[in-house]
**Student:** 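Quick one: this structure, given as structure tokens, is what I'll be asking you about.
Computed from heavy atoms alone, side chains included, the values below leave out hydrogens, waters and symmetry copies. All values reported here derive from a predicted model rather than from experimental measurement. Protein chains get the first letters and strands the later ones, always in sequence-line order, with residue 1 at the start of each.
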Protein chains: 2
Amino acid sequence: MTDQSRVPPNLQAVADAAGVHRSTASRALNPATRHLVAGDVAGRIVETARRLGYRRDALAASLRTGRSRLVGVIVPDIANPVFGPILRGIERALAACGYSALLVNAGQGEADQMRLVEELMERRVDGLILATARRNDPVLGACLAAGTPTVLVNRADEGQRASAVVSDDRAGMVLAVRHLASLGHTRIGHLAGPQDLSTGALRRAGFVDAVRELGIGIEDAWVTASAYTREAGEIATSELLARHDVTAIAAANDLLALGAYRACAARGLVCPRDMSIVGHNDMPLVDMVEPPLTTIRISHLRMGEEAARLLVREIEAPDSEPERIVTEPELVLRASTAEPRSL
Amino acid sequence: MTDQSRVPPNLQAVADAAGVHRSTASRALNPATRHLVAGDVAGRIVETARRLGYRRDALAASLRTGRSRLVGVIVPDIANPVFGPILRGIERALAACGYSALLVNAGQGEADQMRLVEELMERRVDGLILATARRNDPVLGACLAAGTPTVLVNRADEGQRASAVVSDDRAGMVLAVRHLASLGHTRIGHLAGPQDLSTGALRRAGFVDAVRELGIGIEDAWVTASAYTREAGEIATSELLARHDVTAIAAANDLLALGAYRACAARGLVCPRDMSIVGHNDMPLVDMVEPPLTTIRISHLRMGEEAARLLVREIEAPDSEPERIVTEPELVLRASTAEPRSL
DNA sequence: TGACATCATGCAATCGATTGCAGAAGATCA
DNA sequence: TGATCTTCTGCAATCGATTGCATGATGTCA
């Protein structure tokens, strides 16, 4: 029968009810310090706390200890399906360590993001996870300058300033191009993502590498999309097709690939008969589009988990060196790629 | 030139540097109480704070004021694409009011969820948004019993115990069935969602209503899927087709509809020629599947925003009555529905 | 029995900001 | 000039838990 009085009991109330000092109650209630209290007394205190419905005030504890067990997570767009699994991974791994995630959606500009970081700092977050990093990100610089443990996820910065968990973007694109080459394609184009993001830059680099390595095609057969959206993909594809005579397209992102579907359809090109297309990310539902999209799978869930674990480690061992965890991407074969028609 | 000393300055430090008492500094730095301080003094304090790089400690302020400006948000699965827009709406509206979202992913069982709520309460959240509500949810009961302002989103409970922001699920399904009827279908089946969720129950009720109202078809031509997944949709569709001779299916959810695509394909039925299918939710990318899915659009973003606004109102006016906001769903016509073949 | 180690508990300072109350200084009016 | 009011600032208690230090109790061994 828990007491339903108006004001919730505090530590003092529990201590009084158990006939001990609040410091003893504090020790008995914290698993890490329970051994300092005699077994029977500890038992009595725990029981009393349960009976009174005592709930420890995490705010007060944080104030005293200086650790909030809160982690700020900044994503560019929560509504974007690729961030769902990342967030779930982060949340799960944080929860396992007793931390909680303070989620914020990044604003448009840099000033906006600075303000967000500032607000998170006011809440005394123990660390930050940024999924928003650009290659040379002043926001990241500010976080590091403030001495807050910070980990990047999905996108890395240019230097090795902070720890990061990313997919091997370069290798992923090599996988895609090799696959197309193995089908017999020699004229392959690339839809590049924004070049101020590590994903955009590295995947393009991977494309150039692969084309050079295989000794095929045209290294400069690429067009940069203005954003990772279907619309931008459609526009960029039109431009690519206008400039180069390609039989296959390796896109830096699934949405760009879907934009390419549209642009091809508009020109009467049938995928994969007239044009092979490879995406990147393996977003939910791309196996259901027509044709089902061949793409590069990235383990977003695991990336989120690793990022959270890395951050917790940095929080608890503040002077550790920045680390970079790179996960291996994987080719997922579906129906949007085939041998070129001329074969 | 902000001071880069090791320990961050506190209010006392600002007060000392400005030659005033900390209480005066507190008042000058808080916009709501600034008018209590003489203009020139306030200006000097603000300037000093800026110069020292002062950052208010939200933890300490919360402890003193009893308000954390933190809201707990519990979703069943962050990785599910429908929750992305809801979360963004919540986050945006909360931020506009100076609140932050503490995001947690619901565990499996009820006990798990209780523990999550307990942890959020320890952090002294000012309120809760639940996207996990079942029709008669004991977790919700616990939140209300604890006196924490709570708002449900997307799914409502059975009674009117708490405020909720939901789509008009019943009307949405009526829209779907009327659309099928208007094409000439008279034998329509329903893939129902889990019946312990308001969405599942109300959409089924809407199906029965519509069938009855139109005087067509068979009121009991429905099968309940075990979960809102493609797999469950596929299994339920097989069962439905085995039991009823229907020419159209109205699904309680887009994923169920995509499961129906599979089940139909497996039986050699071509959609929409042999079978019309309507989804529900208008998830991202369902316009790109083959055939593009006709579905019922729900404004998840707006639902999230409204839920957050409602919660903030309840936090700031604690004795307000539970309110229910119902948004209007909308039919999105694509290519998965057509006249029945026999016409 | 006395010296000393060990264990359990209490004491009180501390984290950093907020706010009701009181009092000082200055303004207003008769 | 004195009474009264207004405006501004300082004082100190408070929110609730944690923890270094001190002290008292108990046990051990010579």
**Student:** Identify whether the distance between the nearest side-chain nitrogen and carboxylate oxygen of A/E110 and A/R134 falls below 4.0 Å.
**Tutor:** yes
**Student:** Apply salt bridge (Lys or Arg N to Asp or Glu O under 4.0 Å) to the pair A/E118 and A/R115, showing each step before the final yes or no.
**Tutor:** CA-CA 5 Å; A/E118 194 62 26; A/R115 205 178 33 68; over 6 Å; no
**Student:** Rounded to the nearest Å, what distance is computed from the CG atom of residue A/L36 to the P atom of nucleotide D/dT19?
**Tutor:** 11 Å
**Student:** With heavy-atom distances below 4.5 Å as the criterion, would you say the side chains of B/V73 and B/E91 are in contact?
**Tutor:** no
**Student:** Between B/L70 and B/Y99, which heavy-atom pair has the shortest distance, and what is it?
**Tutor:** N-CD2, 4.1 Å
**Student:** Dump the intermediate steps for salt bridge (Lys or Arg N to Asp or Glu O under 4.0 Å) on B/R50 and B/E47, then the final yes or no.
**Tutor:** CA-CA 5 Å; B/R50 209 191 50 66; B/E47 171 54 25; 3.2 Å; yes
**Student:** Determine, step by step, whether A/D77 and B/R92 satisfy the salt bridge (Lys or Arg N to Asp or Glu O under 4.0 Å) criterion, reporting the C-alpha distance in whole Å, the side-chain angles of both residues, the deciding distance to 0.1 Å, and the verdict.
**Tutor:** CA-CA 11 Å; A/D77 178 13; B/R92 184 194 292 178; over 6 Å; no
**Student:** In whole angstrom, give the distance that lies between atom NE2 of B/H35 and atom P of D/dT6.
**Tutor:** 15 Å
**Student:** Rounded to the nearest Å, what distance is computed from the CG atom of residue A/L29 to the P atom of nucleotide D/dT19?
**Tutor:** 14 Å
**Student:** Can you measure B/R34 atom CZ to C/dT19 atom C1' for me and round it to whole angstrom units?
**Tutor:** 17 Å
**Student:** Measure CZ/A/R67 against P/D/dT19 and give the value in whole Å, please.
**Tutor:** 11 Å
**Student:** Reading nucleotides 12-17 of chain D from the 5' end, what letters show protein touch, with B for base, S for backbone sugar-phosphate only, - for no heavy atom under 4.0 Å?
**Tutor:** BBBBBB
